[in-house]
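Here is the structure we will look at, set down as structure tokens.
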Amino acid sequence: MLSQKIVDRINLQINREMYSAYLYMGMSAKMANDGYRGIATWMMTQYHEEMFHAMKLYAYLQSQGAQPVLAAIDAPDFSASTIKEVFVATLKHEQFVTASIRELLELALAEKDYATENLVRWYVDEQVEEEQNVLDILQTIDVMGEGKQGMFMLNVELGKRKPTIALDFTSMA
Ligand code: OFO
């Protein structure tokens, strides 16, 4: 059985993951509007990943007999005008999520809640991968420069991203 503290903190994390999804959806809209449909695809794939992150926590609460309580999701907050600025904002957001996951892990450890600890460690690994992905893209932008040709190539490259998670959330493990 989960403590109320853990339930509340997981509900907060669900909200943050939903916000992440919303943020990537907003970024996808901006990229598509700017003519970068490949980068928009990358962002929309990330949207699905974030929805998966939220639903994995949602399903965990339900598996433990606790009720997911949904709070309002803030409007996406980023004011980027260049592609590099979009990815800088992305990295900053992922670093915020990493800190949030660490906080949740520390709470699980303090509560000696080993089942939640196991679950949250999955997110710890996931955050390493997410930050790495964005750092790689930023490094590529720095190498190629922000000229039209470089951004065109980046757009083609990122457009190849395929979902790695089930898009049907009801079929996830
Ligand atoms: Fe981007 O990893 Fe969840 O939020």
Side-chain angles (χ1 to χ4, degrees), residues 6-32 36 38-63 66 68-80 83-109 115-141 154 157-173:
I6 289 280
V7 172
D8 292 347
R9 189 55 184 76
I10 290 177
N11 274 317
L12 174 64
Q13 194 62 37
I14 289 174
N15 185 266
R16 288 180 175 168
E17 300 296 341
M18 296 293 286
Y19 173 79
S20 299
Y22 214 33
L23 177 67
Y24 283 114
M25 188 193 256
M27 287 174 166
S28 179
K30 172 171 173 51
M31 289 293 98
Y36 294 103
I39 299 175
T41 296
W42 190 95
M43 290 294 178
M44 200 50 99
T45 307
Q46 193 59 34
Y47 154 85
H48 284 289
E49 293 257 345
E50 300 299 351
M51 288 299 294
F52 178 76
H53 296 171
M55 293 309 292
K56 193 175 170 77
L57 291 166
Y58 179 98
Y60 177 67
L61 284 184
Q62 288 192 317
S63 75
V69 177
L70 305 181
I73 304 165
D74 290 339
D77 178 23
F78 68 101
S79 54
I83 292 172
K84 182 173 178 177
E85 282 172 8
V86 167
F87 281 102
V88 167
T90 299
L91 180 61
K92 197 172 155 217
H93 176 71
E94 288 303 337
Q95 287 168 339
F96 164 75
V97 174
T98 298
S100 181
I101 291 294
R102 193 178 307 137
E103 219 178 78
L104 177 52
L105 178 60
E106 279 164 7
L107 179 64
L109 290 170
T116 300
E117 179 200 341
N118 277 346
L119 174 81
V120 177
R121 287 199 185 280
W122 181 87
Y123 288 83
V124 171
D125 292 344
E126 187 70 6
Q127 281 310 118
V128 171
E129 190 189 311
E130 300 230 317
E131 285 195 30
Q132 182 70 55
N133 288 343
V134 185
L135 281 168
D136 286 350
I137 293 169
L138 281 169
Q139 194 175 38
T140 302
I141 293 173
L154 183 72
E157 204 44 43
L158 296 189
K160 294 176 188 164
R161 186 178 184 189
K162 298 272 179 283
T164 53
I165 46 105
L167 299 186
D168 172 4
F169 299 122
T170 60
S171 66
M172 69 190 182

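The first residue in the sequence is number 1, and the count goes up from there. In this text the structure is predicted, and so the values were computed from the model without any measurement. Counting starts at 1 for both ligands and their atoms, following the listed order.
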For Ser28 against Ala40, the heavy-atom pair lying closest together: OG-O, 2.8 Å
Test item: Ser20 side-chain N/O and Arg16 main-chain N/O as donor-acceptor pair under 3.5 Å: yes
Any pair counted as salt bridge (Lys or Arg N to Asp or Glu O under 4.0 Å), so long as it reaches residues 87-106, sequence neighbours left out: Arg9-Glu103
Leu105 to Arg121 - nearest heavy-atom pair and separation: CD2-NH1, 3.8 Å
Nearest non-hydrogen partners of Ile14 and Pro68, listed with the distance: CD1-CB, 4.5 Å
Cut-off under 2.8 Å, centre atom 1 (Fe) of ligand 1, protein N/O/S atoms: Glu50 OE2, Glu94 OE1, Glu94 OE2, Glu130 OE1
From Met25, Met55, Glu130, residue fulfilling side-chain contact (heavy atoms from CB on, under 4.5 Å) relative to Glu50: Glu130
